[in-house]
Amino acid sequence: MPTATSHAAAALDSTEALLLQARRRVKLKMGFFLHALVFTLVNLGLLTLHAVTGGEHGLHVPLWGWAFGLAIHGTVVFVRLQTQGLRERMVAREVERLRSR
């Protein structure tokens, strides 16, 4: 029969699992936000340098290339975060299917 101690241990394990999952999600988000900040600062610096020196046109090519990469990074991060529940449900279904064999 489950005791109060086993319920407390299960709750603690559940809390630890949630904390670990939350940390992973925050790490993904912070990675994207840091990438966006570096993109913004570097490109503002390049645009300022370009405006001050009167450089040739063509600065937009690396900017758009990096912007495309940043968009892909953001899409991957936020799709991964949104589909996490789906992935867990699929794993649970597979576990049940394998147990029923």
Side-chain angles (χ1 to χ4, degrees):
M1 177 173 223
T3 65
T5 306
S6 65
H7 285 297
L12 184 58
D13 288 343
S14 176
T15 301
E16 289 175 8
L18 285 174
L19 186 58
L20 182 61
Q21 183 179 12
R23 284 187 175 141
R24 277 190 233 133
R25 291 173 61 93
V26 167
K27 184 178 177 180
L28 284 170
K29 290 177 186 179
M30 291 303 296
F32 172 71
F33 293 144
L34 180 60
H35 187 181
L37 176 66
V38 170
F39 169 81
T40 302
L41 294 175
V42 167
N43 282 294
L44 283 174
L46 289 173
L47 288 171
T48 302
L49 182 63
H50 182 69
V52 169
T53 61
E56 294 291 320
H57 297 294
L59 183 62
H60 63 283
V61 174
L63 186 142
W64 284 110
W66 193 356
F68 182 67
L70 181 62
I72 290 172
H73 184 179
T75 301
V76 167
V77 166
F78 291 106
V79 165
R80 182 180 291 174
L81 293 175
Q82 294 301 317
T83 60
Q84 189 170 12
L86 172 64
R87 188 171 35 242
E88 289 170 3
R89 287 191 304 272
M90 290 174 72
V91 167
R93 271 190 240 133
E94 286 299 319
V95 167
E96 287 303 317
R97 190 173 297 147
L98 291 170
R99 282 184 181 157
S100 69
R101 286 185 176 183

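These figures come from a predicted structure and were not determined experimentally.
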* Measure across Phe39 and Leu63 and return the closest heavy-atom pair with its distance rounded to 0.1 Å. =>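 Smallest interatomic distance, heavy atoms only, reads CE1-O, 3.8 Å.
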
Indicate if [X] and [Y] have the same hydrophobic cluster label, given that clusters are the connected sets of ILVMFWY residues with side-chain heavy-atom separations under 4.5 angstrom.
X	Y	result
Val26	Val77	yes
Leu34	Met30	yes
Phe68	Val76	yes
Val42	Leu47	yes

Measure the shortest side-chain to side-chain distance between [X] and [Y] over non-hydrogen atoms and say whether it is less than 4.5 angstrom.
X	Y	value
Arg24	Leu28	no
Arg87	Met90	no
Val38	Trp66	yes

* Check step by step if side-chain contact (heavy atoms from CB on, under 4.5 Å) holds for Arg101 and Leu98. => CA-CA 6 Å; Arg101 286 185 176 183; Leu98 291 170; 4.1 Å; yes

About how many Å separate [atom2] of [Y] and [atom1] of [X], when rounded to the nearest 0.5 Å?
X	Y	atom1	atom2	result
Leu49	Leu44	CG	CG	12.5 Å
Gln84	Gln21	CD	CD	4.5 Å
Arg80	Thr75	CZ	OG1	12.5 Å
Arg25	Leu18	CZ	CG	11.0 Å

* **Salt-bridge contact Glu96-Arg99 (side-chain N to carboxylate O under 4.0 Å)** =>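 A salt bridge links Glu96 with Arg99.
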
* Aromatic ring pairing Phe32/His73, orientation class (parallel under 30°, perpendicular over 60°, tilted between) ->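 Aromatic pair Phe32/His73 classed perpendicular.
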
